[in-house]
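Just below is one structure, and these are the notes that go with it.
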Amino acid sequence: MDLTERIERRRNHRYENRLVVDWDALNPAVHLSEPVGREFVFEAILDAADPIFDGQLPPNVYVWGPAGSGKSAIVTSLYSALQQTVSRGQRTFHTATRADSLLGGFHFVYVDTRRTASRFKLYQQLLNALVDDKVPERGIGTGELEDRLQAELASADGLLVGVDHVDMDETLDIAELREFLAPFPKVRWTAVGRTPPDDLDSHPPEVEIQVPSYNYEIVDILTTRGTSGLSKGLDHTQAKALAEWSDGNAHDALAALFGAASVAEADDAKTLRDEDLEAGKEAVPKGGVPIGRVLTLPENKQLVLRTLLDVSDSEQSIDTAADAIAAETDLSPGTVRRYIYELAQHDVLERREVAVETGTAGRRPSGAVPRFPTLVFERLHSGT
DNA sequence: GATCCACGGGAATACACGGATG
DNA sequence: CATCCGTGTATTCCCGTGGATC
């Protein structure tokens, strides 16, 4: 037996003994290419997109439903599939061979407005997806980008944009989306959000598709993910219990599973024990924000959150915490404090009354506690 | 020289409480 | 007793500046 063989053997051995074999499979921020149990929504979106097969522009579509119901999963997978299908034909398309490519003149781009909440960034992202060279992120005017995008679209039949997370804190709402895309008559969108169409403060999109909350499907989702993520898969009883706990929120269920796996692995456990699952659930606040939301925050805000988890002793005021964080980072105390308040306003943190020992004068201080899956956040951050 | 936007810092406003006032 | 006022904090709001890039 030679050395490489021995190494290989050892590697396999370790691999087999390892609890988690694929963290991405358990990661609620990573969507499967084929989401489980939402086929009818795919059909509805494709129905609406049907005109493109005749070279016509389709209507704008609004997909809406509660948190953790698979909306993002659907749109990301659908758009990446469309993008791939089409761009394959696209390269060879150009002039004569138009008939070869059914969707030849259409482009598809997915954008997350959590990262794209200004006119500039929207144009920048769209352009970046359409052209080969990198589009500058600064040093260039918004008008210039608009011109370039116009030029790029001149030769296309149309552009379909999947716009995720509209109408939330710090993201685009439908009215802004309309306004920003108004200069481009060939652009149509599929917007995704939680707000019911009746509550939108702009006239409703032509097509509305409602995504209901998950129910029994969560067990399937957990089992599917568990099978590829855990060396021994996920026990059915545990999957069922997690599903029930999650109340139809697939994100929360996965976040708890991910957290449980993280705890178990840190403890060198060979299987997921019930206590791990308890810890996993514990770290996922009910009605909190999804981990994806946190991971799209600007780098320094994430740094503040990560440091907060380290220095936090639950009973300290925001002021004290801010000072402690500022000492650990190269941000000023003032900025850290402002960040914490901003994060609290956007539900990433929660302000909570804190016991005050000193005099009674003045407004009472509050502390800040996380409203996002902390174990998931910590693990995803410790790697980078 | 122009661009966008994250930072920093400070001004404005909100809140808590005790004491004064009607 | 209800309301107002003053003082001390906490929180929110706003805008100028500068880094990085074109």
Side-chain angles (χ1 to χ4, degrees), chain A residues 109 111-152 163 165-166 168-173 176-177 179-184 289 293-308 311-371 381 384:
Chain A
V109 178
V111 295
D112 183 349
T113 70
R114 294 187 294 205
R115 292 181 195 275
T116 315
S118 70
R119 186 189 285 267
F120 178 86
K121 279 191 178 157
L122 179 62
Y123 294 172
Q124 200 269 339
Q125 296 262 316
L126 291 179
L127 212 43
N128 213 16
L130 291 178
V131 303
D132 288 335
D133 353 312
K134 200 158 166 3
V135 183
E137 292 177 40
R138 61 192 70 176
I140 182 177
T142 308
E144 161 97 1
L145 283 184
E146 183 180 333
D147 292 346
R148 283 206 212 171
L149 194 49
Q150 290 288 13
E152 204 57 42
V163 189
H165 306 109
V166 295
M168 305 180 63
D169 282 325
E170 312 217 280
T171 73
L172 298 180
D173 57 33
E176 288 169 318
L177 185 63
E179 185 197 331
F180 294 168
L181 293 179
F184 309 100
V289 300
R293 169 83 193 285
V294 181
L295 297 175
T296 52
L297 290 169
E299 201 177 326
N300 276 336
K301 284 196 177 169
Q302 292 193 50
L303 178 62
V304 166
L305 289 175
R306 192 174 46 181
T307 318
L308 177 69
V311 303
S312 174
D313 64 41
S314 68
E315 280 302 306
Q316 76 189 335
S317 70
I318 287 178
D319 212 50
T320 326
D323 286 345
I325 293 168
E328 295 289 317
T329 64
D330 55 4
L331 295 166
S332 80
T335 298
V336 174
R337 193 172 312 124
R338 183 167 58 78
Y339 278 5
I340 294 179
Y341 282 119
E342 280 178 18
L343 290 165
Q345 262 183 321
H346 297 131
D347 271 350
V348 177
L349 296 172
E350 181 186 359
R351 287 203 286 125
R352 182 173 292 176
E353 283 261 327
V354 81
V356 63
E357 357 47 57
T358 50
T360 50
R363 191 171 176 171
R364 306 254 180 75
S366 47
V369 297
R371 297 269 303 143
H381 255 286
T384 52

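Protein chains get the first letters and strands the later ones, always in sequence-line order, with residue 1 at the start of each. The analysis underlying the following values was restricted to heavy atoms, covering all of them including side chains, and did not include hydrogens, waters or symmetry mates.
- Of all non-hydrogen atoms in A:R371 and A:L349, the two that sit nearest each other are CG-C, 3.5 Å.
- As rounded to whole Å, 15 Å separates atom P of B:dT3 from atom CD of A:E146.
- A:F120 approaches A:P136 most closely through the heavy-atom pair CZ-O, 4.1 Å.
- When all heavy atoms of A:T171 and A:A117 are compared, the closest pair comes out as CA-CB, 4.1 Å.
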Stepwise side-chain contact (heavy atoms from CB on, under 4.5 Å) check, A:V163 with A:L181: CA-CA 12 Å; A:V163 189; A:L181 293 179; 5.5 Å; no
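- Counting non-hydrogen atoms under 4.0 angstrom, A:R337 reaches nothing in the nucleic acid.
- Residue contacts for A:Q345: at a heavy-atom cut-off of 4.0 Å it reaches the sugar-phosphate backbone alone, with no base atom in range.
- Nearest heavy-atom pair, A:A321 versus A:Q316, reported as atom, atom and distance to 0.1 Å: CB-NE2, 3.8 Å.
- Rounded to whole Å, the distance from CG on A:L145 to P on B:dC4 is 9 Å.
- Close to B:dC4, at under 4.0 Å from its OP1 or OP2, lies a side-chain N or O of A:T142.
- Residues satisfying the side chain to side chain contact (heavy atoms under 4.5 Å, CB included) criterion with A:R337, sequence neighbours excluded, are A:I318, A:D319, A:A322, A:D323, A:P333, A:Y341.
- Salt-bridge formation is detected for the pair A:E144/A:R148: a Lys NZ or Arg NE/NH1/NH2 atom is positioned less than 4.0 Å from an Asp or Glu carboxylate oxygen.
- Non-hydrogen atoms lying under 4.0 Å from DNA chain B are contributed by A:S118, A:F120, A:K121, all within residues 112-121 of chain A.
- Nucleic acid contact for A:G334: none, since no nucleic acid atom lies under 4.0 Å from a heavy atom of the residue.
- A straight line from CZ of A:R338 to C1' of B:dC5 spans 12 Å, rounded to a whole angstrom.
- Here the side chains of A:L130 and A:V109 are in contact, with some heavy-atom distance below 4.5 Å.
- B:dA2 atom C1' lies 17 Å from atom CD of A:E137, rounded to whole Å.
- Annotation for A:L127 and A:E152: closest pair CD1-CB, 4.3 Å, computed over non-hydrogen atoms.
- B:dC4 atom P lies 12 Å from atom CD of A:Q124, rounded to whole Å.
- In 5' to 3' order, the nucleotides of DNA chain C bounding all contacts with chain A (an atom under 4.0 Å from a heavy atom) are C:dG8 to C:dC22.
- One interatomic measurement links the two molecules: CD of A:E342 to P of B:dC5, which rounds to 15 Å at whole-angstrom precision.
- One can place OH of A:Y341 at 17 Å from P of B:dG9, the figure rounded to the nearest angstrom.
- Within 4.0 Å (heavy atoms only), A:S332 reaches sugar-phosphate atoms of the nucleic acid but no base atom.
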